[in-house]
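Okay, so here's the structure we're looking at.
Below, chains carry the letters A, B, ... as their sequence lines are ordered, and counting in each starts from 1. Atom set for the values below is all heavy atoms of this structure, side chains included, hydrogens, waters and symmetry mates excluded.
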Protein chains: 2
Amino acid sequence: MRERLIESTRELLWERGYVGTSPKAIQQRSGAGQGSMYHHFRGKPDLALAAIARSADDMRVRAEAELSGSASPLQRITVYLRRERDALRGCPVGRLTQDPDVMADPELRRPVEETFAWLRTRLAGVLADARSQGELDASLDPAATATALVAVLQGGYVLARAAGDAEVYAQAVDGALGLLAGHAR
Amino acid sequence: MRERLIESTRELLWERGYVGTSPKAIQQRSGAGQGSMYHHFRGKPDLALAAIARSADDMRVRAEAELSGSASPLQRITVYLRRERDALRGCPVGRLTQDPDVMADPELRRPVEETFAWLRTRLAGVLADARSQGELDASLDPAATATALVAVLQGGYVLARAAGDAEVYAQAVDGALGLLAGHAR
DNA sequence: GTCTATAACGTGATAGAC
DNA sequence: GTCTATCACGTTATAGAC
């Protein structure tokens with residue numbers, strides 16, 4: 001049951017955010033009763049922390065798998081950017097940055113902060129490798145470029161949702177890769 | 001009073017989103033009572049529509065002023081991207097894409113959809129001008145590049161909020177301009 | 001571990017007095 | 001136009017039985 005509660009919370013946090021997710025909705029989706037939920041977790045924040053931590057871990061594990069492959073640095077970045085994502089659903093971690101109650105709670109906020117800090121640093125490292133291997137223009141700043149690329153993904157979700165069209169997300173990625181191509185050697 | 005209600009709703013929508021904003025909070029911030037609010041507006045959705053429409057108009061008017069200047073196309077794009085923004089506060093229109101109740105209501109959603117559709121198209125037009133004037137590489141696709149640039153701004157907000165540091169937003173913009181620079185003639 | 005009962009408080013709105 | 005009273009319902013728990 002504990003597992004079902006975490007998974008249901010994860011889905012609801014993804015769909016509706018923290019503010020928009022009630023304990024009642026979690027209980028209904030998971031099939032757990034009030035007593036069961038409050039037996040396994042101290043309350044909504046405690047359960048949300050477990051769900052957020054898991055989403056953050058997932059995101060990191062996936063990215064690491066793609067960014068640490070055996071292909072060339074630039075190829076790994078392309079694979080990472082082009083990975084199929086559910087664009088209209090958005091990013092389960094990124095969406096939490098818009099949640100005032102999550103950002104106000106240091107415990108809930110930490111996984112969000114750490115995940116993006118790690119991702120930007122990790123991507124900057126791969127870009128630095130691409131540069132040192134002569135695959136990429138030396139004039140490109142790895143840290144700023146990495147931040148811009150992660151921003152394209154996060155912003156791509158925003159634009160795809162605004163348009164109600166997943167293709168807009170793909171277009172943002174295409175645009176980023178087009179810009180990056182001009183710096184490839 | 002009508003004016004104060006709209007402005008207070010705009011602020012709260014920006015800070016807490018639609019789901020996280022209650023009529024009571026709006027009344028307290030605006031100094032209006034229940035009766036006053038329900039006299040001027042039919043309810044929360046009606047008031048939110050007025051607030052959202054105004055934020056969308058603002059965003060469009062500002063962007064148009066920068067993108068239609070007399071400087072060269074690439075310079076205008078740089079001015080637009082570098083305009084000072086309250087990065088930790090985020091985009092008042094973009095944040096609404098994460099709000100399930102806004103996206104589920106066609107009336108509330110329309111201004112969001114139209115604003116970003118207009119912005120992407122407008123920016124693509126300026127990029128096309130830059131290209132036809134020989135200021136920018138002919139290989140760059142204007143539409144995809146425009147979508148990527150708008151995504152960098154929207155994603156920049158996400159990353160800045162995640163890091164709790166407005167500088168991260170500036171870094172995303174720097175990264176985008178660095179990528180664009182490689183295609184300048 | 002899970003259930004039901006209970007409760008204090010907030011939400012979103014209506015009604016009618018002033 | 002604005003105010004207070006009222007209301008049905010939802011939220012976020014706690015308590016204790018099973």
Side-chain angles (χ1 to χ4, degrees), chain A residues 1-55 95-96 98-109 111, chain B residues 1-55 95-96 98-109 111:
Chain A
M1 198 67 255
R2 195 175 197 280
E3 186 56 28
R4 291 176 60 85
L5 281 163
I6 294 176
E7 276 308 310
S8 297
T9 304
R10 216 149 80 98
E11 290 171 18
L12 284 165
L13 248 35
W14 199 343
E15 292 165 22
R16 304 195 44 84
Y18 183 83
V19 170
T21 297
S22 68
K24 187 174 203 168
I26 294 169
Q27 290 153 26
Q28 286 174 342
R29 183 165 303 204
S30 65
Q34 296 248 91
S36 181
M37 188 190 120
Y38 284 101
H39 168 76
H40 291 291
F41 298 94
R42 282 188 301 274
K44 180 175 163 176
D46 187 36
L47 179 44
L49 179 58
I52 291 171
R54 180 171 298 183
S55 288
R95 85 105 61 224
L96 299 171
Q98 302 301 321
D99 232 304
D101 292 4
V102 169
M103 299 313 275
D105 182 332
E107 276 211 83
L108 295 181
R109 186 203 170 124
Chain B
M1 197 67 256
R2 195 177 196 279
E3 186 55 28
R4 291 175 59 84
L5 280 163
I6 294 176
E7 275 307 312
S8 297
T9 304
R10 216 149 79 98
E11 291 171 16
L12 283 164
L13 248 35
W14 199 342
E15 293 165 20
R16 304 195 43 84
Y18 184 83
V19 170
T21 297
S22 67
K24 186 173 204 171
I26 294 168
Q27 290 153 26
Q28 287 175 342
R29 184 166 302 205
S30 64
Q34 296 247 89
S36 182
M37 188 190 120
Y38 284 101
H39 168 76
H40 291 289
F41 298 94
R42 283 188 301 275
K44 179 176 164 178
D46 187 36
L47 179 44
L49 179 59
I52 291 171
R54 180 170 299 183
S55 288
R95 83 109 58 226
L96 299 171
Q98 302 301 320
D99 233 303
D101 292 5
V102 170
M103 299 314 276
D105 182 333
E107 277 212 84
L108 295 182
R109 185 201 171 124

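- From A:M103, atom CE reaches atom CD of A:Q98 across 8.5 Å, with rounding to the nearest 0.5 Å.
- Of the residues in residues 1-11 of chain B, those lying under 4.0 Å from DNA chain D by heavy-atom distance are B:M1.
- DNA chain D lies under 4.0 Å from at least one heavy atom of each of the following residues of residues 28-47 of chain A: A:Q34, A:Y38, A:K44, A:P45.
- Rounded to whole Å, the distance from CG on A:D101 to P on D:dT11 is 14 Å.
- B:R16 has its CZ atom 9 Å from the P atom of C:dT11, to the nearest Å.
- The shortest non-hydrogen separation linking A:S36 to A:L5 is O-CD1, 4.4 Å.
- If you take NZ of A:K24 and C1' of C:dT11, they are 14 Å apart, rounded to a whole angstrom.
- The two residues A:G20 and B:V19 make their nearest non-hydrogen contact at CA-CG1, 3.5 Å.
- Phosphate contact (OP1/OP2 of D:dG10, side-chain N/O of A:S22, threshold under 4.0 Å): absent.
- Under the 4.0 Å criterion applied to side-chain N and carboxylate O atoms, B:E7 and B:R29 are not assigned as salt-bridge partners.
- Taking all atoms of both residues into account, the shortest heavy-atom contact from B:R2 to B:F41 is NH2-CE2, 3.6 Å.
- With values rounded to the nearest 0.5 angstrom, A:L13 atom CG is found 5.5 Å from A:L96 atom CG.
- A:M37 places a side-chain heavy atom less than 4.5 Å from the side chain of A:P23.
- Residue B:W14 comes nearest to B:R95 through the heavy atom pair O-NE, 3.1 Å, listed as atom of the first residue, atom of the second, then distance.
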